[in-house]
Protein chains: 2
Amino acid sequence: MLDKAIPVFWRYGLAGANVQQLEAATGVNKSGLYSEFENKDDMFVEALRRYLETGPALRILSSRPLGLGNIEQFLSLAPAFSGDYAGCLSVNSTRDIALLPDAAVRLISDFNETRMAAIRKNVEAEFPQDQVDDVCDLIWTFFSGICIDANLKADVGAHRNRVQAFMRLLRGSASSGRAEA
Amino acid sequence: MLDKAIPVFWRYGLAGANVQQLEAATGVNKSGLYSEFENKDDMFVEALRRYLETGPALRILSSRPLGLGNIEQFLSLAPAFSGDYAGCLSVNSTRDIALLPDAAVRLISDFNETRMAAIRKNVEAEFPQDQVDDVCDLIWTFFSGICIDANLKADVGAHRNRVQAFMRLLRGSASSGRAEA
DNA sequence: AGTATTCTGAACCGAATAGTTCAATACCCG
DNA sequence: CGGGTATTGAACTATTCGGTTCAGAATACT
């Protein structure tokens, strides 16, 4: 049920989605919706929570061996490209941050930290210590950019290309960085 | 007047902004608003148009000499970090694309093309031809990422750092690319 | 000063919104 | 089969929304 609600919030945001759409998408009518959730905000928070919990990001980033391979997987697979919805619900939601309930903001912030820590472990495996912060930041910024851009045009081929170009840049920097060190 | 409306749409999006907020922000009441604009969608489109027309992006990207210096300026200055609003209205709006009037989608798409062409001219000045497409794509993706992330935390210092780290990566790639060629 | 014009305030409208209630119905399980 | 439990449909409320109308006040022009 939450899984059915996720795409609605994904596409339209919290403010742009109405409960009729949620009824249609979930197949549950208003009575049912409001017996399970307190209000629309609550539905959003729970959908977002489920999205973050079931998403592949942390799994990908913690698979062994740690390293840039995981980063590439993360950038390739974590943003969705399924037509119905594209990019990432959490990234999309940071755009709506001004209208989000506190609980949702906290979810996003907390998961950002967790995800960043997971990214960091992979970066530490390949970069000298003094570059780790910057590289992590670049990866996250790049991920956000991919996710937003996917809303406008979700081209799977272009996405693959883009990730590979970024990884080339990163790998180049990693090897030259090690050489210098 | 449009200048006063821009921050409202910026923060709350088209769906999340209501006309009361637009009245308060512009200091013009509903009567005045609706005598000048057809409807809320129209206000949004005109605000977005003005934003794109008056923004610094194209000016920065076409200043001489062309090159990565312009790209750095663009990444540093084009995203706003003014507390009231952060990032970029156009990038924010791509997240709301599903609810935007056609005219707005066209504005965004067209300006994306124009901006990308301007980026390209700067990239061509420093990169071998076969890397230009990829580098342009990376720059745009990075820009989008910066803008979205600014919604959550708009830290000017972190922003500077981030841009510089990206530029190091890019400059490293440019010199090694030329060396190979 | 007098006239034309613009802008404002406030009332008003219909539609859509989130959210509630409850009788009827379907379903499940003993 | 029968009784308890979910689930539904639909009517209903209250509020907010975008948008309209228009008389009056402020403003500008001559």
Side-chain angles (χ1 to χ4, degrees), chain A residues 1-51 85 89 92-93 95-108, chain B residues 1-51 85 89-90 92-108:
Chain A
M1 171 164 163
L2 282 176
D3 290 325
K4 306 280 191 71
I6 286 175
V8 177
F9 288 123
W10 198 321
R11 276 177 65 85
Y12 303 108
L14 172 55
N18 57 37
V19 306
Q20 298 184 43
Q21 292 173 309
L22 293 168
E23 286 185 86
T26 59
V28 179
N29 71 356
K30 248 198 285 200
S31 316
L33 251 37
Y34 279 94
S35 76
E36 184 130 5
F37 302 98
E38 204 180 327
N39 50 35
K40 200 176 79 163
D41 280 16
D42 187 34
M43 295 180 215
F44 177 81
V45 170
E46 292 310 317
L48 178 60
R49 169 173 290 124
R50 171 153 180 96
Y51 172 78
Y85 44 91
L89 171 60
N92 275 2
S93 298
R95 185 267 174 275
D96 304 326
I97 209 87
L99 303 148
L100 259 41
D102 288 351
V105 178
R106 240 174 294 125
L107 267 180
I108 293 173
Chain B
M1 171 167 163
L2 282 176
D3 290 325
K4 304 281 191 68
I6 286 175
V8 177
F9 288 123
W10 197 324
R11 276 178 65 85
Y12 302 108
L14 172 56
N18 56 36
V19 305
Q20 298 183 42
Q21 292 172 308
L22 293 167
E23 287 185 85
T26 60
V28 179
N29 71 355
K30 248 200 280 202
S31 317
L33 250 38
Y34 279 94
S35 77
E36 184 131 7
F37 302 98
E38 205 180 327
N39 50 37
K40 199 177 79 165
D41 279 16
D42 188 33
M43 295 179 215
F44 177 81
V45 170
E46 294 311 316
L48 178 59
R49 168 172 292 125
R50 171 152 181 96
Y51 173 78
Y85 44 94
L89 171 61
S90 182
N92 275 3
S93 298
T94 56
R95 184 267 174 276
D96 304 327
I97 209 86
L99 303 148
L100 259 40
D102 288 352
V105 177
R106 240 176 293 124
L107 268 180
I108 294 173

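Naming convention: chains lettered A, B, ... in sequence-line order (proteins, then strands); numbering from 1 in each chain.
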Exercise for review: Compare the minimum distances between each of D/dG18, D/dG9, C/dA18 and the side chain of A/Tyr34, then state the nucleotide with the smallest one.
Suggested key: C/dA18
Exercise for review: Would you mind telling me which of C/dT21, C/dT8, C/dT20 lies closest to the side-chain atoms of B/Val28?
Suggested key: C/dT8
Point to revise | Euclidean distance, atom CG of residue B/Asn29 to atom C1' of C/dC7 [Å, nearest integer] | key: 7 Å
Exercise for review: Please tell me if the side chains of A/Phe9 and A/Gln21 come closer than 4.5 Å, counting only heavy atoms from C-beta onward.
Suggested key: no
Point to revise | DNA chain D contacts among residues 9-23 of chain B, heavy-atom distance under 4.0 Å | key: B/Ala17, B/Asn18, B/Val19, B/Gln20
Practice item. Just compare C/dT8, C/dT21, C/dA18 and give me whichever is closest to any side-chain atom of B/Ser31. Key: C/dT8
Practice item. Figure out the CD/P separation between B/Glu36 and C/dC7, and round it to whole Å. Key: 8 Å
Check your understanding: So, do B/Phe44 and B/Leu107 sit near enough that their side-chain heavy atoms are less than 4.5 Å apart?
Key -> no
Review point. Below 3.5 Å, does any donor atom in the side chain of B/Asn39 face an acceptor in the base of D/dG18, or the other way round?
Key: no
Review point. If we only count heavy atoms from C-beta on, is the B/Tyr51 to B/Trp10 side-chain gap below 4.5 Å?
Key: yes
Practice item. With rounding to the nearest 0.5 Å, note down the distance linking CD1 in A/Ile97 to CG in B/Asn92. Key: 11.0 Å
Check your understanding: Do B/Ile108 and B/Leu48 come close enough that some side-chain heavy atom pair is under 4.5 Å?
Key -> yes
Revision key, fill the gap. Taken to the nearest whole Å, CG/B/Leu33 to P/C/dT6 is 17 Å
Check your understanding: With distance as the sole criterion, do the side chain of B/Lys30 and the base of C/dG9 form a donor-acceptor contact below 3.5 Å?
Key -> no
Revision key, fill the gap. Interatomic distance, CE@B/Met43 vs CE@B/Met1, rounded to 0.5 Å, equals 7.0 Å
Practice item. State which of C/dA18, D/dG9, D/dG18 makes the closest approach to the side chain of A/Lys40. Key: C/dA18
